[in-house]
Structure formats: C-alpha cells, structure tokens
Amino acid sequence: MTQMIFVNLPVKDLDASKAFWNKVGYSFNPQFTDETAAAMVISDTIVAMLLTEAKFKEFTKPGKEIADASRTTEVLIALSAESREKVDELVDGAMAAGATDAKEPMDYGTMYGRSFTDLDGHHWEVMWMDPAVIEG
C-alpha cells in the first residue's frame, strides 16, 4: 500500500470551510465526511481532514488548547504545483473564495511560490520548482 499523509486541521465552521475549498477546486470523499469531519482530497496520497473543533479535540490530550491559527503560526502546509500558472490558478482561486495573502510571492527563477491563509488562518504555500533543477 502506498504511504499517505492525512493533515488534520481544526475548523470553526465546517460548512464554510467545505464551501471555501470547493470554490478553490477541491472535492471531498463522502465516505469519510459527515457533520463533524470532511475528507478533502488533495491528491491520491494527500488528504486534509477538516475537523470541527469538538471533533479535533477528540484526537488530542484532554485540556490541550487548539492553536488559533489566525493569531499564531501552527504549521506551514506546502503543496507543489506542476507549473507557475498552476500556482497562480490555485492561489487566485483561494483569494477569490475568501483567503488572505500570507506574504509576498517568491520568485527565484527556478522556484516560484505564493501563499495564503484560509478561513481559519491555516497557512498554505503553493510552489513550483523547475524540473531540470530538481533532476540535477
């Protein structure tokens, strides 16, 4: 079986988060989606589990606070894109859906990236790297 990654993120309003990510272009696996959780399919091996805060707390130590991502940095989630245009397409879609710029775009010629924060303040980086540089 191929190894997968499941990124679990607490959200304040699951319906609003699902609507946001649908506008960006992602879909949800209904088999793992209910009123407390939504399995957002990023790729064949990456799933972001959007969890209500109550559901998220079920997976953590009792009494442990959930980070307020709008005020603190909890994690930077970085996704690759197949081209510079795809970086812009994804980030522009997120901005149109209600995201906020996280920082200025970076352009090093062989690497290009942009970032945004989603409705709950989670920081997403989208980047493209020149395949010729990666392959060495």
Side-chain angles (χ1 to χ4, degrees):
M1 180 174 178
T2 302
Q3 188 170 29
M4 297 178 68
I5 183 169
F6 293 85
V7 178
N8 294 279
L9 298 171
V11 299
K12 295 191 183 312
D13 183 333
L14 184 59
D15 289 334
S17 292
K18 287 170 56 179
F20 170 84
W21 288 108
N22 272 320
K23 288 178 188 171
V24 176
Y26 289 103
S27 61
F28 295 88
N29 181 334
Q31 187 177 8
F32 302 105
T33 299
D34 61 22
E35 65 281 350
T36 65
M40 181 175 75
V41 179
I42 296 173
S43 76
D44 290 343
T45 58
I46 305 169
V47 176
M49 292 299 301
L50 308 178
L51 306 170
T52 62
E53 290 183 344
K55 184 70 168 181
F56 189 86
K57 284 181 180 183
E58 292 178 16
F59 296 97
T60 62
K61 187 175 179 178
K64 191 169 183 179
E65 265 186 69
I66 294 174
D68 180 350
S70 67
R71 295 185 310 108
T72 61
T73 301
E74 59 177 347
V75 65
L76 301 176
I77 305 161
L79 299 175
S80 64
E82 61 191 50
S83 67
R84 297 171 67 94
E85 294 77 22
K86 289 292 185 185
V87 169
D88 289 336
E89 181 181 311
L90 196 149
V91 176
D92 289 344
M95 298 302 288
T100 306
D101 272 323
K103 63 181 189 175
E104 293 294 316
M106 65 171 185
D107 190 346
Y108 300 113
T110 58
M111 187 167 69
Y112 173 70
R114 290 176 60 195
S115 59
F116 65 91
T117 56
D118 65 19
L119 301 180
D120 290 280
H122 304 295
H123 185 129
W124 295 80
E125 302 269 341
V126 185
M127 57 189 273
W128 165 83
M129 290 183 282
D130 184 341
V133 173
I134 297 169
E135 294 166 4

Open item on the list: Please determine whether residues Tyr112 and Met95 belong to a single hydrophobic cluster, defined as Ile, Leu, Val, Met, Phe, Trp and Tyr linked transitively by side-chain heavy-atom distances below 4.5 Å.
Closed with: yes
Open item on the list: When you group the ILVMFWY residues by side-chain heavy-atom contacts below 4.5 Å and let the links chain together, are Ile5 and Leu79 in the same group?
Closed with: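 Linked, Leu79 and Ile5 end up in one cluster.
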TODO: Evaluate whether atom NZ of Lys18 has more than 12 neighbouring non-hydrogen atoms of other residues, nucleotides or ligands under 6.0 angstrom away.
DONE: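 Atom NZ in Lys18 is packed in, count exceeds 12.
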TODO: Examine the side chains of Asp120 and Ser17 and answer whether a donor and an acceptor come within less than 3.5 Å of each other.
DONE: yes
Hey, can you pull the donor-acceptor pairs under 3.5 Å for the side chains in residues 31-46, sequence neighbours left out?
from  : atom 1 : to    : atom 2 : distance (Å)
Thr33 : OG1    : Asn29 : O      : 2.7
Thr33 : OG1    : Ala39 : N      : 3.1
Asp34 : OD1    : Thr36 : N      : 2.7
Asp34 : OD1    : Thr36 : OG1    : 2.8
Asp34 : OD1    : Ala37 : N      : 2.9
Ser43 : OG     : Thr45 : N      : 3.2
Ser43 : OG     : Ile46 : N      : 3.2

Sub-4.5 Å side-chain heavy-atom contact between [X] and [Y]:
{"X": "Arg114", "Y": "Asp92", "value": "yes"}
{"X": "Trp124", "Y": "Val91", "value": "no"}
{"X": "Thr73", "Y": "His123", "value": "no"}
{"X": "Phe56", "Y": "Ile66", "value": "yes"}
{"X": "Leu90", "Y": "Tyr26", "value": "yes"}

Rounded to the nearest 0.5 Å, what separation is found between the [atom1] atom of [X] and the [atom2] atom of [Y]?
{"X": "Leu50", "Y": "Asp13", "atom1": "CG", "atom2": "CG", "answer": "11.5 Å"}
{"X": "Leu119", "Y": "Ser70", "atom1": "CG", "atom2": "OG", "answer": "11.5 Å"}
{"X": "Glu125", "Y": "Met106", "atom1": "CD", "atom2": "CE", "answer": "6.5 Å"}

Open item on the list: With a 3.5 Å distance limit and no angle check, can you tell me whether Asp130 reaches the backbone of Gly109 through a side-chain donor-acceptor pair?
Closed with: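 Not confirmed, Asp130 side chain does not pair with Gly109 backbone.
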- [ ] Return the minimal non-hydrogen interatomic distance between Ala94 and Val24, and the atom names on each side.
- [x]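 The answer is CA-CG2, 3.5 Å.
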- [ ] Go through the steps to decide whether Leu9 and Ile77 satisfy the test side chain to side chain contact (heavy atoms under 4.5 Å, CB included), and finish with yes or no.
- [x] CA-CA 11 Å; Leu9 298 171; Ile77 305 161; 3.8 Å; yes
TODO: Describe, in one word, how the ring planes of Trp21 and Phe116 are oriented to each other, choosing from parallel (under 30°), tilted (30 to 60°) and perpendicular (over 60°).
DONE: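 Trp21 vs Phe116 ring planes: tilted.
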